[in-house]
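Following: one structure in structure tokens, then a few remarks.
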Amino acid sequence: MALALQAKNLTVSARIDGALVPAVRALSFDLEPGRILGLVGESGAGKSMVGRAIAQLLPAGFSITSGALLFEGEDVAGMPPRRRRALLGRAIAFIPQAPMTSLNPVLTVGAQFDEHLARFGAASRRARRDRAVAMLTAAKLPHAAGLLGQYPHQLSGGMCQRVLIALAFSTDPRLVVADEPTTALDVTTHPPILTLIADMQRQHGTAVIFITHDLRLAAQLCDQVTVMYAGRAVESGPARAVLATPAHPYTRCLQLANPSLRAERRALYVMPEQMPSLRQLRDLVGCHFAPRCPLVTDECRRGEPPDIAVATGHRAACIRTAATAGIAAAVRDDVAVRAGEQPLLQVVGLQKIYTVGAGPFGGGRAVAAVKRASFSIAENEFVALVGESGSGKSTIAKLLVGIEQPTAGRIVFAGEDLAATRNRAQRAASVQMVFQDPQSALNPRRRVASIVTQIMEAGSRHADWDQRLARTKDLLAEVGLSADFATRLPGQLSGGQRQRINIARALCALPRLLVADEIVSGLDVSIQAQLLNLLARLRAELDFAMLFISHDLSVVRHLCSRVLVMYDGEIVEQGPVAAVFDNPQHPHTRALISSVPPDEPQAPWAALKA
């Protein structure tokens, strides 16, 4: 059988300080028609660079410097530009990561289908319209004909992603590259989106490259998997076999860094350091994973390991594959931090109503973002708030910290009604928020010392620079960063380091309650593990409570003792995490839990329909 795509010692390099540094090194794989290959690994591993190489959309300064990337036997890099453009979109299609920003906002869905299909030879407008309706229907979108007249902003993220999938398959491509197609979506939309990709792939006999950082999704969807680290394929083989019995220490460490929804709570494995940058790679000798590997020996540092066959079709680039199964996380401290008996926060009948569509002469309609929510949080208790986008989670967070004012209800903190509190500085000292996106939450022009002690500028808390610098060093030590970070700018930090600074800033005032809004969302699993362990340690040392907003139920189960489930502005279920997750009563809670793939790669996932 002819291969749909073949990489033969593919090397993509960047020119840094006058020298070529490989970003993808000697990558080889064979992808047959009708099969799905998963590319997995942390950010910076080189996964998306492979997709960019296929489309010849490499960033400035990057190029294919050796090897070949063959589409149906023809080298993509050596194709004439006109031939390559004719293939892209017709024979080779892409499903991008960000559905809300990947569609043209000023064109209707129908106009975008019409433009796309006209480019590839659909002669009549009627034929193009019929094809669009047929593909949107196949993508399980209701009222497909009516969607043609709508703009992307009128659709949800999940609907936009389905439109992109329908667009990708509308020209009957022979290869589809899906780059993190579920990352930006609610967990409940993951199974239907993945089912749709699998259905389309089977119907059209299409080969698919599925790029993801989620090992559990890769195990359920993919036929083959390639685990990448620092541009190299460190392990490859049948997806379920590789992820059930990983042979490379990196794959094993990624698995141990992932919290479980169903198994016993366990410590999360934290890899030291982070993946090397291209500048660091230039000077590294030996195995590039050696600085983070728990099995490293002197031999590992002397030379790059060869690819070793560990089973039929299963290979790993490691000389210590026999010891990989012995890697384990540290024993969890069984001394649990007990929550206080008295409530620190009591929310009673909280309501927030917005008026939308109002004009200069009034009008508009009322939309209830939060409907009569009631709950409590005790001293030193970690409580989770879960639900889909738009359910009201972030609105509750804004109400608690005073960014928004409630329409009705009471927020009682330590016996005082916060809604009646006029002293904003006093409120900020007691309740602090950790924002989801640390990059936009941190002032890019202020140095870390100025950012983390920002609250010390306010009112009577105004402090001199020596006091702020001393407090900065204490805060950096608390979040696991060295004192030399005090003089850095946010742009000089990694995503995980920026989130630590975000947490340090919130802790500066010694608050009694943190409101954390999706603070590990979008982070690599290794960085997520570091932050979760950090929060657990800080809770024991600093004695604070937290409302932890998240869509990741595995993370919730690992960190929190109680959970609140929101749906359409209401808290529809609440209770101890174990009780709610083991025996959910509300249909929405059951839907959330069923949307999480099983930990065991060989286990069936009922939500992913065959």
Side-chain angles (χ1 to χ4, degrees), residues 7-29 39-69 75-78 81 84 97 177 179-180 209 211 213 226-234 248 250 271-293 296 300-307 317 438-439 442 444-445 447-448 481-482 484-485 487-498 501 522-524 526-527:
K8 300 175 71 173
N9 293 315
L10 176 70
T11 298
V12 177
S13 302
R15 188 167 292 279
I16 297 177
D17 298 334
L20 285 175
V21 180
V24 175
R25 296 178 296 135
L27 176 67
S28 296
F29 62 77
L39 298 181
V40 302
E42 297 171 286
S43 300
K47 310 183 301 295
S48 294
M49 200 66 69
V50 177
R52 287 173 172 261
I54 295 169
Q56 289 294 283
L57 293 173
L58 292 169
F62 288 75
S63 60
I64 296 176
T65 50
S66 65
L69 193 58
D75 192 353
V76 173
R84 187 166 57 246
Q97 177 174 348
V177 179
D179 189 1
E180 298 275 11
I209 291 181
I211 299 170
H213 66 275
T226 294
V227 182
M228 297 188 69
Y229 184 83
R232 182 178 180 183
V234 295
H248 196 280
Y250 177 58
M271 285 182 275
E273 308 296 333
Q274 56 189 342
M275 187 175 299
S277 66
L278 288 179
R279 290 185 184 277
Q280 293 169 324
L281 277 176
R282 182 184 55 186
D283 303 321
L284 274 180
V285 178
C287 174
H288 290 175
F289 185 59
R292 305 174 74 189
C293 182
V296 63
C300 300
R301 295 189 172 95
R302 286 195 287 267
E304 283 209 55
D307 268 350
Q439 184 162 346
L442 303 179
R445 295 181 180 85
R447 298 194 180 273
V448 164
L481 295 175
S482 61
D484 63 0
F485 276 80
T487 59
R488 297 191 191 182
L489 294 166
Q492 298 172 302
L493 309 177
S494 69
Q497 289 167 345
R498 282 194 291 265
I501 298 303
L523 297 178
D524 285 320
S526 57
I527 299 173

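Residue numbers count from 1 along this sequence.
Contact annotation: the side chain of Met275 never approaches that of His288 to less than 4.5 Å [non-hydrogen atoms, C-beta and beyond]. A 4.5 Å side-chain heavy-atom check between Arg232 and Pro305 finds at least one atom pair inside the cut-off. You'll find the side chain of Ile64 stays beyond 4.5 Å of the side chain of Val76, heavy atoms only. Side-chain contact between Glu42 and Gln274 is absent, with no heavy atoms from C-beta onward closer than 4.5 Å. Counting heavy atoms from C-beta outward, Met49 and Pro59 have side chains that approach closer than 4.5 Å.
Applying side-chain contact (heavy atoms from CB on, under 4.5 Å) to Arg52 and the options Leu58, Val24, Val177, Asp179 leaves one that passes, Leu58.
Between Asn9 and Ser28, the shortest heavy-atom contact is N-OG, 2.8 Å. Between Ala290 and Arg301, the shortest heavy-atom contact is CB-CG, 4.3 Å. Closest non-hydrogen pair, Tyr250 versus Met228, comes out as CE2-O, 3.4 Å. Nearest heavy atoms, Thr226 versus Ala233: CG2-CB, 3.5 Å. Closest non-hydrogen pair, Ala68 versus Asp75, comes out as CB-OD2, 3.9 Å. Across all their heavy atoms, Ser13 and Thr65 have their closest contact at OG-OG1, 2.9 Å.
We find the CD1-CE distance between Ile527 and Met271 to be 9.5 Å, quoted to the nearest 0.5 Å. Here Leu489 contributes atom CG and Leu442 contributes atom CG; the two are 11.0 Å apart, rounded to the nearest 0.5 Å. Annotation: the span from Glu180 atom CD to Lys47 atom NZ amounts to 6.0 Å, rounded to 0.5 Å. With values rounded to the nearest 0.5 angstrom, Phe29 atom CZ is found 4.5 Å from Ile209 atom CD1. Note that CG of Leu20 and OG1 of Thr11 are 10.5 Å apart. Values are rounded to the nearest 0.5 Å. Note: Leu281 CG to Arg25 CZ = 6.5 Å, rounded to the nearest 0.5 Å.
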Check the pair Val448, Leu481 against side-chain contact (heavy atoms from CB on, under 4.5 Å), reporting the backbone distance first and the verdict last. CA-CA 11 Å; Val448 164; Leu481 295 175; over 6 Å; no
List the steps, then state whether side-chain contact (heavy atoms from CB on, under 4.5 Å) holds for Phe289 with His248. CA-CA 10 Å; Phe289 185 59; His248 196 280; 4.0 Å; yes
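Panel note: side chain Arg292, backbone Pro272; a donor-acceptor pair is recorded below 3.5 Å.
Between the side chains of Ser482 and Asp484, at least one donor N or O sits under 3.5 Å from an acceptor N or O.
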